[in-house]
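Scroll down for the structure; my scribbles are underneath it.
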Amino acid sequence: MSDELSVNEYRQQRIENMEKLSEAGYPAFGEAFERTDRLDRLHEQFELEKPVAACGRIVAMRKMGKLAFAHVNDGSARFQLMIQRDVIGEDAFKAFKLLDLGDCIGVQGAFFLTKTEENTIAVKIWKLLSKSLLPLPEKFHGLSDVETRYRQRSLDLISNPEVMDLFKKRSKVMREIRSYLDQRDFLEVETPMLQQLAGGAAAKPFQAHYNALNVDVFMRIAPELYLKRLIVGGMDRVYEMNRNFRNEGIDRTHNPEFTCLEIYQAYGDMRSMQTLIQGLFLHIAETVFEKIEFEWMGHTIQLQTPWKEVSYHDLICEHLGANWFELDEAGMRAIAEEREVGLEDVMSAKEITHEIYDKTIEGTLIQPTFITRLPAELVPLANTCADDPELVDVFELIIGGKEIAPAYSELNNPLEQRKRFEEQAKSDESAIDHDFLTALEIGMPPTGGMGIGIDRFMMLLTGSDAIRDVILFPQLKPRG
RNA sequence: GGGACGAUAGCUCAGUCGGUAGAGCAACUGGCUUUUAACCAGUGGGUCCAGGGUUCGAGCCCCUGUCGUCCUACCA
């Protein structure tokens, strides 16, 4: 990096140490090392005087005249090493003292217990596996500068165990999502990320150029239209959990590439999705976190099912008065003002209602809540309710005051879908995905569909208030 | 988009009224056989984010920019 000069002194000292070690018979970048087991499992297998081989990165060292202690970490746990001059010999001990924090070593020895009863390996042989040329962050405060943590995630993972733990949990969450769905006959599929039409959502796409075909392509904003093609094709339960890309701003809850789980179940509807998501979330909570209560921004969220369900109509009446929907526009505007919700002059009654919902009601729904029967205007791609064509058969799952997952009884009427695309495209014929419409005309069974933002789900589960904390390499501006 | 705040040694941070740049850890030298934020003695280490301005003199005051954090707005 460009700041190489500023760490030159430290780097130079370490290069000198590396050369001395090499001369003493410890080449700097050694070969693979056979260990008895990972360090976390060595703690479980601890048995006094049992022979053991272990390796890891040196994260702490306390060297004395004829004795030294060190802690190594292999990403699973820390383990203490004890090195005695009279055991390993004068030369090996002298060489050991040339090691720096950050170096990776392998040792052979035997389990040993110190006075303070800490699991330790009494070292008989050690090997240098990799020399670190750069200084590690300070051992006590660690690395806390937020920007450096995001830009140099390697260092963050090495010096902040809770960060390592969070990302291990994220990996397990994704594994358990797959396991839960696979067990229920859902097929994981991969659909195009490079698309000639970026459909399935309303968002600005990233653009790229495909040289071989000389065509412009878009990074996908959603996999929806392809997953539905698969439903038409007879893959009657499919899901995809992968990246979507939206060419929009970055803030605490938005990263331009984000991971989304989309699930479609043929012969099902919004109700099937309701059952599925409750089971899925409970499974994740129990298997990965071993609890069903989560602390989130000062609230305790209870995941015990069944979750609360309320229709949009009833929810509004509950908060804004039973006669809300009988009010005229002036009456609604008066209540909006009372609640300090800013409105635009052109807003319809439905838009006013939704604005107040967005600003003052949604945030109060801390416990998991399904909001059902939304006005059709708000959700263009869902089937209407059988008993009321003004409403759509969908839910919005709200947890911790945030939308976590929308689910639809998917629109499968190809004529209606065509009409809505045409309205949306406003006479731009090229913006309509005709292949998708053709698939719908072949006939899509009634289908329940759902989308879950995995990053925001992780925020909820880990109590993080920034999406960057749950994404290993969040998007940042280039440094000047 | 608007506003507030921040950037000083490898890391974590102090820096008074504008007057020679500080601490702890880390590093280096020496000592030390049960340490664990090891300890003791000594030494070295700075483009004070960048650029401009005011001033005899700027880490500090003013302007511009970069990156980040928070608030707010927008988007989904």
Side-chain angles (χ1 to χ4, degrees), chain A residues 1-17 20 58-72 78-88 90 93 97-102 112-120 122 132-152 155-156 158-160 200-205 221-222 244-256 258 260 342 344 358-359 378-380 396 402-406 451 453 455-456 465-469 474-480:
Chain A
M1 299 289 278
S2 57
D3 51 353
E4 202 167 303
L5 282 177
S6 62
V7 292
N8 214 352
E9 184 200 345
Y10 294 88
R11 195 162 166 273
Q12 198 48 46
Q13 276 163 0
R14 281 168 180 249
I15 289 174
E16 281 164 23
N17 285 345
K20 284 183 204 159
I58 299 174
V59 293
M61 264 199 291
R62 295 168 294 282
K63 304 179 219 180
M64 282 158 277
K66 295 168 187 154
L67 174 74
F69 290 91
H71 276 97
V72 288
R78 286 160 61 105
F79 214 107
Q80 181 166 257
L81 309 177
M82 180 179 71
I83 295 87
Q84 297 165 99
R85 190 191 68 175
D86 295 347
V87 171
I88 65 167
E90 177 121 28
F93 188 75
K97 288 181 116 179
L98 289 169
L99 289 172
D100 293 301
L101 290 178
F112 172 83
L113 210 52
T114 59
K115 265 185 194 166
T116 51
E117 302 202 322
E118 177 169 348
N119 291 354
T120 300
S132 170
L133 299 185
L134 298 175
L136 239 40
E138 192 229 353
K139 63 190 166 189
F140 190 59
H141 299 92
L143 180 67
S144 60
D145 180 79
V146 180
E147 189 177 351
T148 311
R149 286 186 42 231
Y150 297 148
R151 288 190 196 275
Q152 297 195 53
L155 279 182
D156 190 24
I158 289 168
S159 56
N160 294 316
K204 284 179 217 137
I221 55 176
N244 291 340
F245 307 86
R246 298 194 180 172
N247 206 340
E248 288 156 12
I250 298 171
D251 64 31
R252 199 156 23 102
T253 56
H254 295 78
N255 196 60
F258 60 100
C260 211
E344 285 164 35
D358 245 5
K359 292 275 153 33
L378 299 176
V379 188
E396 288 278 2
K402 308 262 182 210
E403 284 174 31
I404 294 295
D455 310 293
R456 290 184 186 173
D465 63 349
I467 201 167
R468 285 174 168 184
D469 287 331
Q475 203 58 233
L476 299 173
K477 284 195 195 180
R479 189 133 55 172

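It should be emphasised that the depicted structure is a prediction, and the values quoted were computed from it without experimental measurement. Naming convention: chains lettered A, B, ... in sequence-line order (proteins, then strands); numbering from 1 in each chain.
Contact annotation: R151(A) side-chain N/O to C67(B) OP1/OP2 distance is not under 4.0 Å. Residue R252(A) places at least one side-chain N or O under 4.0 Å from the OP1 or OP2 atom of C71(B).
Distance noted for atom P between G53(B) and G59(B): 15 Å (whole Å). When the P atom is used for both A37(B) and U64(B), the distance is 49 Å, rounded to whole Å. Taking the C1' atom of each, C32(B) and A41(B) are spaced 12 Å apart, rounded to whole Å.
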- Test log, rule side chain to side chain contact (heavy atoms under 4.5 Å, CB included), inputs N119(A) and Q80(A): CA-CA 7 Å; N119(A) 291 354; Q80(A) 181 166 257; over 6 Å; no
- Task: Start with the C-alpha distance between I250(A) and K477(A), add both sets of side-chain angles, then the distance that settles side chain to side chain contact (heavy atoms under 4.5 Å, CB included), and finish with yes or no.
- Result: CA-CA 10 Å; I250(A) 298 171; K477(A) 284 195 195 180; over 6 Å; no
- Task: Dump the intermediate steps for side chain to side chain contact (heavy atoms under 4.5 Å, CB included) on R246(A) and F258(A), then the final yes or no.
- Result: CA-CA 8 Å; R246(A) 298 194 180 172; F258(A) 60 100; 3.6 Å; yes
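When all heavy atoms of I467(A) and D251(A) are compared, the pair lying nearest together is CG2-O, 4.0 Å.
Counting non-hydrogen atoms under 4.0 angstrom, N247(A) reaches nothing in the nucleic acid. Across all strands, K115(A) comes closer than 4.0 Å to base atoms (heavy-atom distances). Contact annotation for F258(A): no contact, since no heavy-atom pair falls under 4.0 Å across all strands. Backbone-only engagement by R468(A) is indicated by non-hydrogen atom pairs under 4.0 Å involving sugar-phosphate atoms exclusively.
Computed from coordinates, the R62(A) CZ to C32(B) C1' distance equals 15 Å when rounded to whole Å. Distance NZ (K477(A)) to P (G65(B)): 12 Å, rounded to an integer number of Å.
With G68(B), U34(B), C28(B) as the candidates, the nucleotide lying closest to the side chain of T114(A) is U34(B). Among the nucleotides G44(B), G10(B), C28(B), the one closest to any side-chain atom of E9(A) is G44(B).
Across the interface with RNA chain B, nearest-nucleotide mapping of E118(A) and K97(A) shows K97(A) to be the residue nearer the 5′ end. Of the two residues near RNA chain B, Q475(A) and A60(A), the one whose nearest nucleotide lies more 5' is A60(A).
Under the rule for a side chain to side chain donor-acceptor pair (under 3.5 Å), the partners of D145(A) that lie at least two apart in sequence or sit in another chain are T148(A). When the side chain to side chain donor-acceptor pair (under 3.5 Å) test is applied to D469(A), the partners found at least two apart in sequence or on another chain are Y150(A). Considering only residues two or more places apart in sequence or on other chains, K204(A) meets the side chain to side chain donor-acceptor pair (under 3.5 Å) condition with none of them.
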Short N/O separations, protein against nucleotides 73-76 of chain B, under 3.5 angstrom:
unit_1: A76(B); atom_1: O3'; unit_2: A202(A); atom_2: O; d: 3.1
unit_1: A76(B); atom_1: O2'; unit_2: R246(A); atom_2: NH1; d: 2.9

Atom pairs under 3.5 Å, N or O on each side, protein against nucleotides 11-14 of chain B: can you list them with distances?
unit_1: C11(B); atom_1: O2'; unit_2: E138(A); atom_2: N; d: 3.4
unit_1: C11(B); atom_1: O2'; unit_2: G142(A); atom_2: O; d: 2.9
unit_1: U12(B); atom_1: OP1; unit_2: S144(A); atom_2: N; d: 3.1
unit_1: U12(B); atom_1: OP1; unit_2: D145(A); atom_2: N; d: 2.8
unit_1: U12(B); atom_1: O3'; unit_2: S144(A); atom_2: OG; d: 3.4

Please tabulate, one pair per line, each protein N/O and nucleotide N/O from nucleotides 5-7 of chain B that are separated by under 3.5 Å, including the distance.
none

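Around atom NZ of K402(A), no more than 12 heavy atoms belonging to other residues, nucleotides or ligands sit under 6.0 Å away.
Here F140(A) counts as stacked on A37(B): its ring centre is under 5.5 angstrom from the base ring centre and the planes meet at under 30°.
Judged by distance alone, the side chains of N17(A) and D100(A) do bring a donor and an acceptor atom under 3.5 Å apart.
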